Amino acid sequence: MAVTVKTGTEVRSPLDVAKIRADFPILSRAVNGKPVVYLDNAATSQKPRQVIGAMRAVFEEYNANIHRGVYEFSEQTTAAFEGARAKVARFIGAHDDREVIFVRNATEGVNLVAYTWGRENIRSGDRIISTVLEHHSDFVPWQQLAKDVGAQIVMIDVDDDGRLRREQLSAEIKKGAKLLAITHTSNGLGTVNPVKEIVAEARAAGATVLVDAAQAVPHTPVDVTDLDCDFLVFSGHKMLAPPGSGGVWGRIGLLERMRPFLFGGDMISRVTVEKTEWNELPWKFEAGTSSYVDAIGLGAAVDYLEAVGVANIHDHELSLVAYLLPRLSEIPGVEVYGPKTLDDRVGVVSFNIEGIHPHDVATIFDREGVCVRAGHHCNQLLMTRLGVAATTRASFYLYNTTDECDALLGAIDRAKKVFKV
Amino acid sequence: MAVTVKTGTEVRSPLDVAKIRADFPILSRAVNGKPVVYLDNAATSQKPRQVIGAMRAVFEEYNANIHRGVYEFSEQTTAAFEGARAKVARFIGAHDDREVIFVRNATEGVNLVAYTWGRENIRSGDRIISTVLEHHSDFVPWQQLAKDVGAQIVMIDVDDDGRLRREQLSAEIKKGAKLLAITHTSNGLGTVNPVKEIVAEARAAGATVLVDAAQAVPHTPVDVTDLDCDFLVFSGHKMLAPPGSGGVWGRIGLLERMRPFLFGGDMISRVTVEKTEWNELPWKFEAGTSSYVDAIGLGAAVDYLEAVGVANIHDHELSLVAYLLPRLSEIPGVEVYGPKTLDDRVGVVSFNIEGIHPHDVATIFDREGVCVRAGHHCNQLLMTRLGVAATTRASFYLYNTTDECDALLGAIDRAKKVFKV
Amino acid sequence: MDDMYRDYILDHYKNPRNQGELEGATNSYSDSNPLCGDEISMALRIDGDRVADVRFNGKGCAISQASASILTEEIKGKTLDEVKAIDRDHILENLGIPISPARIKCALLSLKTLKGAAWGLPAWPGEDEAKARSAG
Amino acid sequence: MDDMYRDYILDHYKNPRNQGELEGATNSYSDSNPLCGDEISMALRIDGDRVADVRFNGKGCAISQASASILTEEIKGKTLDEVKAIDRDHILENLGIPISPARIKCALLSLKTLKGAAWGLPAWPGEDEAKARSAG
Ligand SMILES: Cc1ncc(COP(=O)(O)O)c(C=O)c1O
Ligand SMILES: Cc1ncc(COP(=O)(O)O)c(C=O)c1O
């Protein structure tokens with residue numbers, strides 16, 4: 001395996017990790033008598049007391065339903081909820097708060113676009129470009145839409161290091177496409193796509209571009225204005241916020257022309273038996289009682305991330321990759337998937353140990369307190385491409401340490417001993 | 001106004017309200033220097049420390065993403081999440097946990113059924129029966145579906161007390177309908193419909209029946225097996241649980257035949273470029289990372305409600321209605337809407353004060369610490385029917401007291417003084 | 001609250017100035033706030049570049065109606081440019097009472113209606129230009 | 001964990017019994033666990049009412065493969081009724097190790113496959129009858 005990061009490559013972390021860890025109550029827990037080593041951040045992140053506290057404050061101090069109440073609690077909750085939207089908008093570089101729609105998660109975000117913009121714009125014979133790096137959540141909605149309307153899915157491949165085949169993508173973009181739905185960062189391998197240049201290319205060729213930023217917004221600075229895409233989705237639970245929070249960002253011009261997705265309370269302006277007029281953006285897309293406490297939690301998470309600095313978090317994660325990758329690849333029988341360099345990647349490290357199935361690896365790791373993911377990571381197309389059924393994946397966040405990398409390496413050793421490989 | 005409940009009508013509450021109140025941190029708060037009197041429970045309920053604590057325990061003790069993790073935290077979170085589903089299933093009388101699908105709220109629940117069962121079964125010319133009591137969330141999705149496929153919406157009226165016109169409903173059911181979408185309990189007036197007999201009538205005539213139980217499940221015992229409906233929706237945030245939790249219950253036979261709603265991670269079993277196989281029920285309908293902490297909060301809320309007893313809560317609310325209704329109707333210039341008796345109603349009391357707009361009423365109440373709702377309550381069809389633009393609505397829950405009714409009456413007095421009416 | 005429902009506010013609410021129809025109106029406009037059910041229609045008679053006369057009709061809460069009444073008093077005789085320069089802050093100042101966020105829409109409905117009438121536009125520059133209601 | 005990966009489990013994993021193809025098979029079935037990628041196919045030769053011989057092939061985790069190996073050893077020579085009576089609890093007991101909830105599916109895949117072969121059904125009575133996968 002050609003890992004180009006060598007042992008001894010020192011990348012300094014800019015973070016005061018000890019201070020950060022003190023904010024996360026769960027990190028002082030033990031699992032099976034060992035301190036927990038949480039390395040499943042690509043699945044979901046842990047939450048700092050600031051987020052837990054912000055949610056609790058709603059419940060204990062001022063909870064009321066939003067938008068409709070003419071009393072103080074309701075005004076306070078509404079202000080916190082809309083304040084969270086403003087924070088999120090600023091965090092992702094949106095010009096206008098109305099471009100941020102709160103959804104449960106990235107998956108709902110993609111579906112919202114597929115059911116509205118997609119069903120209104122994609123017709124029989126149209127081409128939709130996708131990639132084998134896509135998470136199922138950014139593939140299956142388009143596959144189903146294509147099936148329903150008779151559109152065509154064009155798949156872009158990766159090279160053996162899990163990097164998108166740029167020439168293939170460019171060639172397919174040139175042939176024309178209605179939509180390019182592409183992940184910013186792969187959750188299976190940690191690959192970061194050159195999204196900005198891809199968006200420019202695709203839009204110049206007339207395609208609308210949706211960016212799945214579920215693994216990007218938590219780990220790298222993301223700016224929708226700079227990316228210049230049409231839609232972008234992400235999940236709060238992967239960025240220190242509770243599950244139930246997440247967002248779709250869309251260009252206001254597109255959002256205005258789109259029909260609403262879910263119908264009901266709060267998204268209407270006037271209802272008669274014959275017809276309904278919609279509320280203004282962004283509420284036109286937020287039917288029923290929003291998960292406003294989760295959204296307020298997301299606002300607190302954004303505050304936390306901004307205080308630490310997402311660019312710093314990215315550098316910190318790379319310092320861990322620089323520590324882990326060479327050590328990992330020196331272990332006989334360990335195969336690492338994905339980028340073997342520090343360029344254009346985040347802190348996701350996927351690997352397998354010869355002779356031990358990833359599920360057995362994860363079970364043994366668990367006894368050592370090490371939480372990793374084993375499976376297809378909602379990336380079955382990518383697994384098929386890599387020729388494996390599953391991998392073991394360690395994924396970092398701002399609170400992880402090199403000691404935890406050592407714990408992971410120790411757990412690999414343990415697994416090999418148990419399995420005598 | 002013919003209020004048949006007279007002052008002095010004593011209905012004893014079976015609840016130890018002081019003990020219950022101690023569980024709700026927010027109830028000891030002050031608003032504008034006055035103790036908060038929270039009477040906006042039909043909009044959303046407050047949360048007991050048991051629910052707040054259950055959510056916090058996830059974050060601080062064992063949080064991990066569900067279903068996929070082969071490590072202890074993930075197994076623990078999965079068990080808590082699926083345990084919450086089992087609690088909800090039992091609470092609403094479902095035979096099978098797989099019949100309970102977690103959604104954000106009742107609104108998403110109705111939309112899920114409209115986008116899947118609805119779009120697969122309702123055709124041009126089909127009749128959909130609705131009522132003027134419906135919340136926008138159980139009307140607009142059907143209105144839009146009807147518009148898209150060319151179906152017809154048949155509206156059922158109410159009498160002047162806000163009770164459904166049964167003869168009209170029966171006559172329309174006899175004419176045949178594909179769907180009856182009906183609210184169990186009106187959020188605007190507190191009317192409880194005779195849902196069981198209506199369901200039997202409609203299903204015998206070949207209609208599929210969806211019951212909007214958003215105001216029922218929190219306030220009255222609801223049993224889907226006894227009701228024998230086809231679908232039922234409700235929201236967690238109205239029953240002591242956090243916003244972001246809620247459920248659709250559906251007959252398993254229907255759910256199995258339905259196409260999924262949202263597509264993506266967790267709802268699939270196998271994905272290839274060409275086609276996708278769905279996961280089993282209920283996960284087939286739960287795409288992406290569920291709001292699992294909210295769902296676990298809902299499980300804790302169900303525990304709380306079961307310990308208190310929903311039938312007791314219902315009796316408690318009626319004791320407050322019995323206290324408030326006659327006193328309210330004795331006030332000159334006050335008009336009460338909806339049922340004037342204690343039969344078939346819950347603790348929702350809608351009224352207006354002559355010469356004062358409901359928004360001004362609510363603003364003045366707020367200065368007295370009294371939180372009520374003023375507006376159309378997402379019931380514009382009902383408001384039109386009643387010939388008013390808005391009403392003031394007080395709605396009770398298990399923690400409300402007759403003292404709080406007195407505070408409300410005092411606030412009315414204050415409003416009349418301010419407005420000199 | 002006592003701050004909010006001052007005597008002059010209630011006086012404007014109960015005895016609205018310039019209420020009724022306007023003969024010879026040159027510009028008119030109606031708007032509403034569906035959430036509250038507040039409604040205001042306003043008619044101007046513009047003579048040269050001045051608002052020669054104004055009338056309004058409406059129903060709704062004290063804040064929306066008093067705001068309309070006060071506004072009509074203010075604009076009578078003003079030039080169109082002066083009228084078009086009136087903004088949110090001016091209205092809120094003129095009302096002279098603290099308005100909570102949930103009631104801002106009530107206070108500003110009269111301005112919205114006036115601007116519709118003065119510009120002869122359904123929406124006016126700098127305010128709600130992105131309002132994208134579409135009927136479904 | 002040391003409880004889970006006992007020597008005999010690892011031995012069955014590394015040296016599976018009854019692995020391979022079965023000449024003259026009367027019944028066969030394959031199943032998989034898409035989440036893990038575990039796969040097992042099983043072939044029986046049924047002679048009268050007895051399982052005269054059995055072979056399996058598979059790939060996947062130690063638990064799924066050891067479970068299959070142990071199961072084939074057990075059923076050889078048994079009557080069909082005896083085979084059909086084998087249930088979850090029996091399998092888990094026979095494995096003799098603590099199985100965490102996330103790994104139950106691995107442990108039971110062999111049973112699921114066996115039942116498919118024994119009943120000649122894609123699903124078998126009393127297990128997953130509600131499995132409603134539809135392709136989309
Ligand atoms: C009868 C009824 N149906 C549906 C809803 C919608 O609930 P949610 O906003 O939680 O989706 C409500 C909430 O007010 C309601 O009272
Ligand atoms: C790249 C990517 N896209 C989409 C998703 C779906 O996120 P969620 O489950 O929060 O909807 C994930 C989560 O794993 C992801 O990594």
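Quantities reported herein were computed from a predicted structural model and do not represent experimental measurements.
- Contacts of Val36(B) with chain A are made by side-chain atoms alone, with heavy-atom separations under 4.5 Å and no backbone atom involved.
- Contact annotation: the side chain of Tyr71(B) never approaches that of Thr363(A) to less than 4.5 Å [non-hydrogen atoms, C-beta and beyond].
- Remark: Thr44(B) OG1 to Asn65(A) CG distance equals 5.0 Å, nearest 0.5 Å.
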>> Assess the residue pair Tyr292(A) and His237(B) against the criterion (side chain to side chain contact (heavy atoms under 4.5 Å, CB included)); give the C-alpha distance rounded to whole Å, side-chain angles, the decisive distance to 0.1 Å, and a yes or no.
In response: CA-CA 10 Å; Tyr292(A) 58 80; His237(B) 68 92; 5.7 Å; no

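- Interface summary for chain B: among Ser28(A), Ala214(A), Ala43(A), the most heavy-atom pairs under 4.5 angstrom belong to Ala43(A).
- Side-chain atoms of Asn63(A) come within 3.5 Å of backbone atoms of Ser45(B) as a donor-acceptor pair (strictly under, hydrogens ignored).
- Put simply, of Gly246(A), Cys378(A), Ser291(A), the one with the most heavy-atom pairs under 4.5 Å next to chain B is Ser291(A).
- Of all non-hydrogen atoms in Gln46(A) and Phe59(B), the two that sit nearest each other are OE1-O, 4.3 Å.
- When Thr384(B), Val372(B), Asp266(B) are compared by the number of non-hydrogen pairs under 4.5 Å with chain A, Val372(B) comes out ahead.
- Between chain A and the residues Glu61(B), Glu72(B), His376(B), the most heavy-atom pairs under 4.5 angstrom are made by Glu61(B).
- Interface residue Arg259(A): only side-chain heavy atoms are found under 4.5 Å from chain B.
- The most heavy-atom pairs under 4.5 Å with chain B, out of Asn32(A), Val271(A), Asn379(A), Asp138(A), come from Val271(A).
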>> Please evaluate residues Phe365(B) and Val70(A) with respect to the criterion side chain to side chain contact (heavy atoms under 4.5 Å, CB included), reporting the C-alpha separation (whole Å), side-chain torsions for both, the decisive distance (0.1 Å), and the verdict.
In response: CA-CA 9 Å; Phe365(B) 279 24; Val70(A) 185; over 6 Å; no

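- Pro243(B) places a side-chain heavy atom less than 4.5 Å from the side chain of Val293(A).
- Atom CZ of Phe261(A) and atom CD of Glu108(B) lie 7.5 Å apart (nearest 0.5 Å).
- Annotation: the span from His136(A) atom NE2 to Thr276(B) atom OG1 amounts to 7.5 Å, rounded to 0.5 Å.
- At a 4.5 Å heavy-atom cutoff, the contact between Ser290(B) and chain A is made by backbone atoms alone.
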>> As a quick check of understanding, evaluate side chain to side chain contact (heavy atoms under 4.5 Å, CB included) for Val140(B) and Trp278(A), giving each step before the final call.
In response: CA-CA 11 Å; Val140(B) 184; Trp278(A) 314 131; 4.0 Å; yes

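- Interatomic distance, Phe263(A) CZ to Tyr115(B) OH, rounded to the nearest 0.5 Å: 4.5 Å.
- In terms of non-hydrogen atom pairs under 4.5 Å with chain A, the most contact-rich of Cys371(B), Ala374(B), Ala295(B) is Cys371(B).
- For His377(A), no part lies near chain B; criterion is any non-hydrogen pair under 4.5 Å.
- Atom OG1 of Thr289(A) is separated from atom CZ of Arg104(B) by 10.0 Å, given to the nearest 0.5 angstrom.
- Pairing each heavy atom of Asp294(B) with each of Gly244(A), the nearest pair is OD2-CA, 4.5 Å.
- Chain B forms more heavy-atom pairs under 4.5 Å with one residue of Val132(A), Val370(A), Ile268(A), Leu112(A) than with any other, namely Ile268(A).
- Ranked by heavy-atom pairs shorter than 4.5 Å toward chain A, the options Ser74(B), Gly288(B), Ala146(B) are led by Gly288(B).
- For the set Val361(A), Asn111(A), Asn105(A), the entry with the most heavy-atom pairs within less than 4.5 Å of chain B is Asn111(A).
- With hydrogens and angles left out, the side-chain atoms of Thr272(B) and Gln380(A) include no donor and acceptor closer than 3.5 Å.
- Looking only at distances, a side-chain donor or acceptor of Gln143(A) sits under 3.5 Å from a matching main-chain atom of Val273(B).
- Arg119(A) has no carboxylate O lying under 4.0 Å from a charged side-chain N of Asp148(B), or vice versa, which leaves the two without a salt bridge.
- Judged purely by atom type and a 3.5 angstrom limit, Ser137(B) uses its side chain to pair as donor or acceptor with the backbone of Gly265(A).
- Looking only at heavy-atom pairs under 4.5 Å with chain A, the residue among Ala362(B), Gly375(B), Pro141(B) that has the most is Pro141(B).
- At least one side-chain heavy atom of Phe73(A) sits under 4.5 Å from a side-chain heavy atom of Ile26(B).
- Within the 4.5 angstrom heavy-atom criterion, only side-chain atoms of His135(A), from C-beta onward, approach chain B.
- Both the backbone and the side chain of Leu262(B) have a heavy atom closer than 4.5 Å to some heavy atom of chain A.
- Between the CZ atom in Arg373(A) and the CZ atom in Arg68(B) there is a gap of 8.0 Å [rounded to 0.5 Å].
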